[in-house]
Amino acid sequence: MSAAAANAEIIAEYAGSEPIKAALVLGSGLSGIGELLDDRVEISYGELVGFPTGGVSGHGKSLLIGQLNGKRIAILTGRAHYYEDGQSDVMRIPLETMKAIGVDTVLLTNSAGSLEADTPPGELMMIADHINYNGLNPLIGEQTDDRFVNMVNAYDPHLRAQAKAIADDLMIALHEGVYAWYSGPTFETPAEIRMIKGFGANAVGMSTVPEAILARFLGLRVWACSSVTNMGAGLSDENISHHHTKEMALKGAKKLEMLIERLVGEL
Ligand code: HPA
């Protein structure tokens, strides 16, 4: 039995086997939305096969199943990053598990550095496209022809339009742009930030891109949004740090929660 199938059985034992519509992956400091779930069941990653149990502070280590705005969803309260162990496909089994429990849409969130003066810390940037700047790909080694994933419109245009309409209705400013994936764990240098901005990126971060690739490979719809925690290195006088990221994530978190709650309701 595959790890995903084994996990689906474990999840059904804890939370029942009614299909789950969507999965939400939470970025650093964005865990508040888990509190909004009704009929919430919590399963520690340690109970599941191939879920990441290591950790980055500010990230949770459990899977939540429950109802949000009338829809049954799963929340991955934390993710693993490439920089933790050098595995760019570290989120493959968790995402395969989501597919095995019926998920057709994944909502990815992260904290990111902004490259745009009009998108300062506390603002949200919905991801319209990405630049995989690492030369890494979670599908390297995949043997099937499914590995040749078409990445045009990887971030579902319909979901983006839905989210924009919801944000307008809630009077939340929702920027849209290109997210560049740097491996981390160091933050970028000012020279790297100037370069990646010249390449067309609007925000930079250490996650999300490999998950979006894996999700598209699995045939899942993808929506993703960054909560801006800082300006990219060299673009402001602030001192970039992980502590600062976690603190500043709270500024955008409330808006992101409101947006996601409504978006889930419309799925
Ligand atoms: N760079 C990379 N990742 C990040 C940043 C950043 O400036 N801020 C939050 N995550």
Side-chain angles (χ1 to χ4, degrees), residues 22-34 52 55-61 75-84 88 90-91 94-95 98 105-116 119-134 136 138 154-156 159-160 163 174-188 193 196 201-216 220 222-233 240-257 259-260 263:
L24 171 61
V25 179
L26 299 181
S28 300
L30 299 172
S31 58
I33 197 159
V56 176
S57 66
H59 282 266
K61 285 178 203 140
I75 300 182
L76 290 108
T77 60
R79 57 156 59 90
H81 308 77
Y82 168 72
Y83 63 73
E84 292 173 55
S88 62
V90 59
M91 292 300 285
L95 288 165
M98 294 302 102
T105 303
V106 292
L107 311 175
L108 306 173
T109 64
N110 62 48
S111 292
S114 170
L115 309 184
E116 302 300 332
T119 311
E123 295 286 299
L124 301 181
M125 189 197 86
M126 181 162 66
I127 302 179
D129 201 351
H130 73 225
I131 296 175
N132 177 358
Y133 192 65
N134 275 318
L136 298 164
Y155 298 88
D156 191 84
L159 287 173
R160 273 157 46 207
L174 184 62
H175 305 267
E176 198 169 356
V178 174
Y179 174 92
W181 179 36
Y182 261 80
S183 75
T186 56
F187 288 101
E188 299 72 31
I193 290 294
I196 204 74
N202 308 110
V204 63
M206 306 179 193
S207 67
T208 305
V209 166
E211 294 153 27
I213 292 170
L214 286 164
R216 292 306 299 136
L220 305 171
V222 175
W223 180 83
C225 192
S226 297
S227 171
V228 171
T229 53
N230 57 279
M231 296 308 292
I240 304 172
S241 69
H242 186 54
H243 178 72
H244 183 257
T245 297
K246 286 186 290 183
E247 264 185 13
M248 292 304 290
L250 299 175
K251 266 187 92 175
K254 188 76 214 143
K255 291 187 279 186
L256 196 49
E257 283 168 24
L259 182 60
I260 288 173
L263 185 59

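Values in this document were obtained by computation on a predicted structure and should not be read as measured data.
Pairing each heavy atom of Ala112 with each of Asn110, the nearest pair is CB-OD1, 3.7 Å. The minimum heavy-atom distance between Ala163 and Met126, with the atom names listed, is CB-SD, 3.7 Å. Of all heavy-atom pairs spanning Pro185 and Met206, the tightest one is O-CE, 3.6 Å. The two atoms that bring Met231 and Pro121 nearest to each other are SD-CD, 3.9 Å, heavy atoms only. Between Asn132 and Trp181, the shortest heavy-atom contact is OD1-CE3, 3.1 Å. Counting all heavy atoms, side chain and backbone alike, Ser207 lies closest to His81 at CB-CD2, 3.8 Å.
For Ser227, the side-chain contact (heavy atoms from CB on, under 4.5 Å) test picks out Leu30, Leu124, Leu256, with sequence neighbours left out. Scored by the ring pair (Phe, Tyr, Trp, His ring centres under 6.0 Å) test, Tyr82 finds no partners at all (sequence neighbours excluded). Every residue meeting the side-chain hydrogen bond (donor to acceptor under 3.5 Å, both in side chains) condition with Arg160, not counting sequence neighbours, appears here in chain and number order: Glu176. In this structure Ala201 satisfies the side-chain contact (heavy atoms from CB on, under 4.5 Å) test together with Leu115, Ile131, Ala180, Ile196, sequence neighbours excluded. Every residue two or more places apart in sequence or in another chain that forms a ring pair (Phe, Tyr, Trp, His ring centres under 6.0 Å) with His130 is listed here: Tyr155. Listed by chain and residue number, Phe187, Asn230, Ala233 satisfy the side-chain contact (heavy atoms from CB on, under 4.5 Å) test with Ile240 (two or more places apart in sequence, or in another chain).
Inter-residue side-chain proximity for Pro138 and Glu211 is flagged as unmet; no heavy-atom pair is nearer than 4.5 Å. In this structure, the side chains of Asn134 and Ser88 stay at 4.5 Å or more apart for every pair of heavy atoms. Using a 4.5 Å cut-off on side-chain heavy atoms (C-beta onward), Met125 and Asn202 make contact. Residues Val222 and Leu108 meet the side-chain proximity criterion, which asks for heavy atoms closer than 4.5 Å. Looking only at side-chain heavy atoms (C-beta outward), Val204 and Glu188 come within less than 4.5 Å of each other.
Proximity of a side-chain donor or acceptor of Ser114 to a complementary backbone N or O of Thr119 within less than 3.5 Å is detected. With Arg79 contributing its side chain and Thr109 its backbone, the two residues share a donor-acceptor pair below 3.5 Å. Looking only at distances, no side-chain donor or acceptor of Ser226 sits under 3.5 Å from a matching main-chain atom of Val228.
Atom SG in Cys225 sits 11.5 Å away from atom OH in Tyr179 (nearest 0.5 Å). To the nearest 0.5 Å, atom CG of residue Leu24 and atom CD1 of residue Ile260 are 5.0 Å apart. Between the OG atom in Ser241 and the CE atom in Met248 there is a gap of 11.0 Å [rounded to 0.5 Å]. Rounding to the nearest 0.5 angstrom, the gap separating the CE atom in Met98 from the CG atom in Leu76 is 5.0 Å.
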Show, in sequence, the C-alpha distance, side-chain angles and deciding distance for Leu26 and Ile33, and conclude whether the side-chain contact (heavy atoms from CB on, under 4.5 Å) test is met. CA-CA 9 Å; Leu26 299 181; Ile33 197 159; 3.5 Å; yes
Please report the C-alpha distance between Glu84 and Val90 in whole Å, then the side-chain angles of each, then the deciding distance to 0.1 Å, and finally whether the side-chain contact (heavy atoms from CB on, under 4.5 Å) criterion is met. CA-CA 9 Å; Glu84 292 173 55; Val90 59; over 6 Å; no
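Side chains of His175 and Glu123: a donor on one and an acceptor on the other come within 3.5 Å.
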